[in-house]
Amino acid sequence: MNLRLHNSMTQTVEPFVPQDPHRITMYVCGPTVYDTPHLGNARPAVVFDVLFRLLQHHYPQVVYARNFTDVDDKIMERARADGDRISDLTERTIQDYHEVTEALGVLRPTHEPRATGAIDRMLDMISRLIDRGHAYEAEGHVLFHVPSYPAHGLLSRHLQEDLEAGARVDPAAYKRHPSDFVMWKPSTVDQPGWDGPYGRGRPGWHIECSAMIEAVLGYTIDIHGGGADLRFPHHDCEISQSQCAHDGDPLARYWIHNGMLLIDGEKMAKSAGNFTTVRDVLNQGVPGAVIRLALLMAHYRSPLDWTQQLLREAATTLQGWHRALDDIAANQVTKGHHAPVLEALASDLNTPLAIAEMHWLARDLMTGNPKDRVAIAAAMREAGSILGFDLYNNDQFLRGHVDEEVRALIVQRTDARKEGNFAESDRIRDALRAKGVVLEDTPNGTTWYKDLK
């Protein structure tokens with residue numbers, strides 16, 4: 001596979017050349033666990049799941065880590081507001097995240113480290129940075145001294161002079177430089193905290209990911225991913241901490257960032273109050289696979305405007321794939337048929353092109369040589385699995401969860417047609433259509449499916 005990926009560090013699409021082709025390492029910044037995920041949170045989970053699946057298809061081992069930030073001021077505020085224990089809130093939110101992402105077909109990563117499980121590693125990294133002159137203690141805090149690392153901000157292109165000139169608030173008095181950032185901060189008796197060399201406290205956000213990467217993947221990883229909004233300041237700070245702690249070894253060889261999910265042209269975010277949760281959409285009866293496909297219908301680096309029309313298009317597309325495969329038994333893949341889909345994904349994860357290639361495979365199933373149908377169907381199912389779709393159980397997708405009243409009406413209509421009572425047949429057809437069930441009469445009999453639009 002000639003995989004090419006857009007590297008945010010170089011701002012170019014480059015051939016992917018791993019450190020070790022027998023062991024690929026990837027880390028993606030995960031959620032801060034204080035609330036159920038919204039659709040904007042779901043986009044990176046789905047995008048990097050496709051990349052994970054593609055890498056697994058071509059390499060013998062892929063070690064993928066996605067963290068949970070389970071110590072954070074937002075978590076403390078939510079727990080206080082709800083009268084909840086922090087540990088109960090985070091455990092419940094992590095379980096909810098798993099349920100929601102699994103409904104979208106997202107595989108569990110190899111590792112899911114939690115920030116609270118890496119405190120010792122953070123303290124050790126902080127100690128190394130102090131010893132090497134990159135960090136300092138001040139009034140119970142430990143801060144990274146940005147001027148000690150001249151390359152700080154290279155990823156986001158927020159260079160040091162820009163950071164200082166663009167300071168919007170007066171820096172804390174204990175900071176040596178306005179852009180210095182906190183790695184350790186003091187905790188009061190009613191806040192979560194750990195005893196350390198710098199007093200009882202808790203970590204800053206940026207040090208968490210640096211420590212978890214070091215702990216589970218090593219000093220230099222192949223791919224670091226996350227939303228485009230994390231480039232600055234989070235990923236800039238990760239790079240500075242890690243590379244200063246590791247004698248200049250690069251943190252990641254490739255930096256991959258997905259674009260934002262938009263509502264009416266604005267980034268979807270809890271802070272903006274313009275978010276829709278994944279569970280809200282699932283509760284409206286939209287299958288998780290349809291939500292997943294909607295999230296993949298724009299290139300991962302482009303913004304994606306979430307609309308009902310987008311969902312309808314995704315439902316129509318996915319239904320078309322299942323209908324094309326409906327009467328074909330699963331079989332082994334014949335090499336070649338699914339190559340265009342894989343080539344599209346290998347071209348910087350071009351999911352819109354991969355989806356278009358899936359359309360062509362579905363068309364070939366409907367109109368092509370009957371002798372090729374089994375091979376094409378097998379290829380389509382294999383390609384679909386790399387995109388994260390189960391195209392094997394077509395009956396479940398097309399006709400599952402239909403109540404007995406609907407099934408009885410379908411039998412009654414079949415009997416009416418056999419008896420030549422076409423007025424009754426048409427009446428029942430209309431009644432079924434009103435219930436979201438579409439009938440199709442073919443030379444081989446009548447088939448039916450749920451209308452997802």
Side-chain angles (χ1 to χ4, degrees), residues 1-30 43-67 106-107 109-111 113 149 151-158 206 209-246 248-260 296 299-302 342-351 353-354 386:
M1 174 182 66
N2 297 316
L3 175 60
R4 295 175 62 82
L5 295 170
H6 183 273
N7 188 347
S8 297
M9 181 63 78
T10 62
Q11 298 187 343
T12 59
V13 177
E14 304 174 0
F16 176 66
V17 182
Q19 297 179 95
D20 177 0
H22 300 289
R23 183 178 182 271
I24 311 302
T25 51
M26 181 169 74
Y27 180 90
V28 174
C29 291
R43 193 179 192 195
V46 168
V47 163
F48 289 102
D49 181 67
V50 174
L51 180 55
F52 182 35
R53 290 169 181 268
L54 182 65
L55 292 168
Q56 284 184 313
H57 187 74
H58 291 282
Y59 292 100
Q61 183 184 18
V62 183
V63 186
Y64 172 25
R66 184 188 63 217
N67 75 295
V106 174
L107 300 173
T110 318
H111 301 285
Y149 185 60
H152 181 83
L154 187 60
L155 176 66
S156 69
R157 274 47 177 186
H158 283 76
H206 310 307
C209 286
S210 289
M212 286 184 278
I213 290 170
E214 181 185 282
V216 301
L217 297 176
Y219 281 13
T220 298
I221 62 176
D222 288 307
I223 297 170
H224 193 313
D229 57 334
L230 297 180
R231 279 190 298 238
F232 172 81
H234 185 50
H235 290 164
D236 281 337
C237 295
E238 276 189 59
I239 291 169
S240 296
Q241 293 165 156
S242 295
Q243 295 188 184
C244 289
H246 301 153
D249 288 348
L251 174 56
R253 294 161 58 83
Y254 299 85
W255 287 86
I256 314 297
H257 292 96
N258 65 275
M260 296 296 97
L296 295 175
H299 191 274
Y300 78 91
R301 286 192 283 118
S302 300
L342 300 187
E343 289 169 4
L345 293 176
S347 180
D348 193 28
L349 217 62
N350 192 337
T351 54
L353 180 56
I386 297 171

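Taking the side chain to side chain contact (heavy atoms under 4.5 Å, CB included) definition, one finds that S210 meets it with M125, E238, Q241, S242, sequence neighbours left out. Applying the salt bridge (charged side-chain N to carboxylate O under 4.0 Å, His left out) test to R43 and every residue at least two apart in sequence or in another chain returns nothing.
Taking a cutoff of 4.0 Å between a charged side-chain nitrogen and a carboxylate oxygen, D348 and R301 qualify as a salt bridge.
Contact annotation: the side chain of N350 never approaches that of L345 to less than 4.5 Å [non-hydrogen atoms, C-beta and beyond]. Residues Y27 and Y64 have side chains not in contact (no heavy-atom distance under 4.5 Å, counting atoms from C-beta outward). Within the 4.5 Å cutoff, no side-chain heavy atoms of V62 are placed close to those of T110. At a threshold of 4.5 Å between non-hydrogen side-chain atoms, the residues M9 and I239 count as touching. L155 places a side-chain heavy atom less than 4.5 Å from the side chain of S8. You'll find the side chain of H152 reaches within 4.5 Å of the side chain of C237, heavy atoms only. Considering only heavy atoms from C-beta on, E214 comes within 4.5 Å of H246 through its side chain. Counting only heavy atoms from C-beta outward, the side chains of M26 and F52 approach each other to under 4.5 Å.
Of the possible donor and acceptor atoms, one in the side chain of S156 sits under 3.5 Å from a partner among the backbone N and O of H158. Counting only distance, with no hydrogens or angles, the side chain of Q19 and the backbone of T220 share a donor-acceptor pair below 3.5 Å. Judged purely by atom type and a 3.5 angstrom limit, D49 uses its side chain to pair as donor or acceptor with the backbone of L107. Distance alone, capped at 3.5 Å, is enough to place a donor-acceptor pair between the N7 side chain and the R253 backbone. Formation of a donor-acceptor pair under 3.5 Å by the R66 side chain with backbone atoms of G30 is not found in this model. Looking at D229, its side chain never comes within 3.5 Å of a backbone N or O of M260 through a donor-acceptor pair. Here the side chain of T25 pairs no donor or acceptor atom with the backbone of V63 at under 3.5 angstrom. With Y254 contributing its side chain and V17 its backbone, the two residues share a donor-acceptor pair below 3.5 Å. Judged by distance alone, the side chain of N258 and the main-chain N or O of Y300 form no donor-acceptor pair under 3.5 Å.
Under the 3.5 Å distance criterion, with hydrogens and angles disregarded, no donor-acceptor pair is assigned to the side chains of H6 and Q11. Of the N and O atoms on the side chains of H235 and H257, at least one donor lies less than 3.5 Å from an acceptor on the other residue.
Taking each heavy atom of V216 and A65 in turn, the nearest pair found is CG2-CB, 3.9 Å.
The CG atom of D236 sits 9.5 Å away from the NE2 atom of H206 when rounded to the nearest 0.5 Å.
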Full working for side-chain hydrogen bond (donor to acceptor under 3.5 Å, both in side chains) between E343 and S347: CA-CA 6 Å; E343 289 169 4; S347 180; over 6 Å; no

message: Assess the residue pair Y149 and Q243 against the criterion (side-chain hydrogen bond (donor to acceptor under 3.5 Å, both in side chains)); give the C-alpha distance rounded to whole Å, side-chain angles, the decisive distance to 0.1 Å, and a yes or no.
response: CA-CA 9 Å; Y149 185 60; Q243 295 188 184; 2.7 Å; yes

